[in-house]
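Inspection log for the structure reproduced underneath, given as structure tokens.
Only heavy atoms go into these numbers, but all of them, side chains included; no hydrogens, no water, no symmetry mates.
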Amino acid sequence: MNNYFVWIEITANRELILDEARFSDAMEKCAKCGIDSVVLSVKDTSGFALYPSKLAPHYSKFDERFSNADYLKSCLSVIHEKGLKMYAAVDVFAEGNKKRKSPLMKGLTQEGWMCEVYGLNEAGQPVVQKVSDETPIETIGSIDDFGEIFVSPANDEVVSYELSLIEEIMNNYDVDGIVLDRVRYVGLSSDFSDLSISKWKKASGIEGDIDLRDIYSLSKKDGKVEIEYGKYFGSFNTFRAQMIHDFIEKVRALVNSAGKNIDFIDYTGSWYPLYHLVAANWASPDHRETSYPATNPEEYAKTAYIRHVDRMMSGFYYEDVKIEEARAHNAPADWYSVEGSADIAYEVTRHEKPIIGSLFLDQYKEKPENIKRAIDMCFKKSDGCMLFDLCYLVHNDWWEYAKR
């Protein structure tokens, strides 16, 4: 089975995507390296698509350097011509960016889609506001914040839209697989919209008004935001994970109904001990996680979704390759290494599905010779390797390190 992937993010690889000759050359070099599969982002966090979608706005409306062309079709043709498999990547629950707004971003324009976040305002008072609100707010539990407009997995319209996009790609293009990213929340701070809270209360049998502090309360001590978990935290935490599980389950049914041999892969980070923050429970349902605060392990296990995907891509995004190196650098845990990431990923998934160890190449810019060590570790400890991103191979001429 194909197991050596390279990811192509749109913005970082714009010049390659726009120049078919240069793109073809890069794909030729990938093939010579032993890379057998290409993951092309076709709808990124901006919400715009690389192909003429009937649902999403075309990328040319976001970046005028693109023409109104079918870049998915042209890239797919080159990738297959080089004997490589082609996977279409979709950033799911991100539909715009508040740092670079466009009136066509659905996260901004569709009423009720945008997540609402819970945090402290400048006066230290608890508030709930939309992601796009420019008013300063301090939240807790976000694993990243690139200004992305996250939309709510609890909103049926959002779910229907994202499923329709995936279906459109599978129906109209001979892709070998689908890779999903950002099938999650941005952090503990979302989603606190009326719709999400109402849906959670109904699912949990909670009647009447509730105080959000019964989910969790925030306070500031020595300039740092601290959290205190309330009586409903575990219930709300599990509800959010259920929303992600249900979406993945729907994608599984969609892929099955396509009647094609399409490989369904989900990408997540490997840092499972922190993944309750974003509510993506990619573990085996046989796993019981006892480290999540104020959460019933038995109930949370019901939200596990590894069985619904064909394979997982897991971000082994650490500079240290071996566990012993992470320990020498006083890392908080062994999984702050490529080797340790593999260990924890298989521990929580119980080897139910293949895991493709994934590397962020820019982390090795000071010691690029470690790229080969990290790739070798992925193949040794997991079922393959994914390199993020092609631009680093091209711009830094790191092809020799990637060769297998």
Side-chain angles (χ1 to χ4, degrees), residues 118 139-144 153 183-191 200 203-206 212-219 224-249 266-309 312-318 320 323 326-327 330-355 357 381-382:
Y118 170 41
T139 62
I140 200 162
S142 295
I143 64 169
D144 59 22
V183 186
R184 57 176 176 83
Y185 291 80
V186 72
L188 279 185
S189 62
S190 69
D191 172 37
W200 158 63
S204 305
I206 298 169
L212 293 185
R213 289 173 295 188
D214 284 336
I215 298 175
Y216 64 80
S217 56
L218 300 173
S219 59
K224 185 180 178 183
V225 178
E226 296 188 343
I227 186 169
E228 182 176 340
Y229 303 102
K231 62 183 179 180
Y232 291 138
F233 178 80
S235 169
F236 190 63
N237 194 31
T238 303
F239 164 78
R240 296 194 314 151
Q242 188 66 49
M243 294 299 96
I244 302 301
H245 166 279
D246 292 354
F247 179 80
I248 292 286
E249 190 176 46
D266 182 45
Y267 170 84
T268 72
S270 60
W271 37 98
Y272 190 80
L274 302 178
Y275 242 72
H276 68 291
L277 300 176
V278 297
N281 185 9
W282 46 271
S284 161
D286 293 332
H287 176 72
R288 299 293 179 271
E289 185 59 42
T290 57
S291 70
Y292 291 167
T295 300
N296 183 320
E298 295 293 332
E299 291 301 311
Y300 200 81
K302 296 174 185 176
T303 68
Y305 67 72
I306 185 74
R307 290 178 184 174
H308 295 305
V309 302
M312 291 282 302
M313 283 180 177
S314 186
F316 298 178
Y317 283 9
Y318 298 101
D320 289 323
I323 288 172
R327 290 176 179 174
N330 297 313
D334 286 352
W335 50 263
Y336 282 75
S337 66
V338 176
E339 181 181 21
S341 289
D343 287 345
I344 196 163
Y346 284 107
E347 176 188 330
V348 303
T349 60
R350 305 291 180 95
H351 291 266
E352 288 198 9
K353 293 293 174 73
I355 289 174
K381 298 281 291 189
S382 80

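Taking the side chain as every heavy atom from C-beta outward, I140 and L218 approach each other to under 4.5 Å. Side-chain contact between M312 and T268: present, with at least one pair of heavy atoms (C-beta onward) separated by less than 4.5 Å. P297 places none of its side-chain heavy atoms less than 4.5 Å from the side chain of H287.
For E249, there are no side-chain hydrogen bond (donor to acceptor under 3.5 Å, both in side chains) partners two or more places apart in sequence or in a different chain. With sequence neighbours left out, the side-chain hydrogen bond (donor to acceptor under 3.5 Å, both in side chains) criterion links D191 to S152, S193.
Under a 4.0 Å N-O distance rule, the pair R307/D286 qualifies as a salt bridge.
Considering W335, Y346, W282 as possible partners of Y272, the one that fulfils the ring pair (Phe, Tyr, Trp, His ring centres under 6.0 Å) test is W282.
A ring-centre distance under 6.0 Å is not found for Y305 and F247.
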For a quick test of your reading: what N or O donor-acceptor pairs under 3.5 Å do the side chains of residues 225-235 make, sequence neighbours left out?
| unit_1 | atom_1 | unit_2 | atom_2 | d |
| --- | --- | --- | --- | --- |
| S235 | OG | W200 | NE1 | 2.8 |
| S235 | OG | S204 | OG | 3.0 |

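Aromatic ring orientation, W271 versus Y275: tilted (interplanar angle from 30° to 60°).
The two residues R240 and A279 have their closest heavy-atom pair at CB-CB, 3.6 Å.
More than 12 heavy atoms of other residues, nucleotides or ligands sit less than 6.0 Å from atom CZ of R288.
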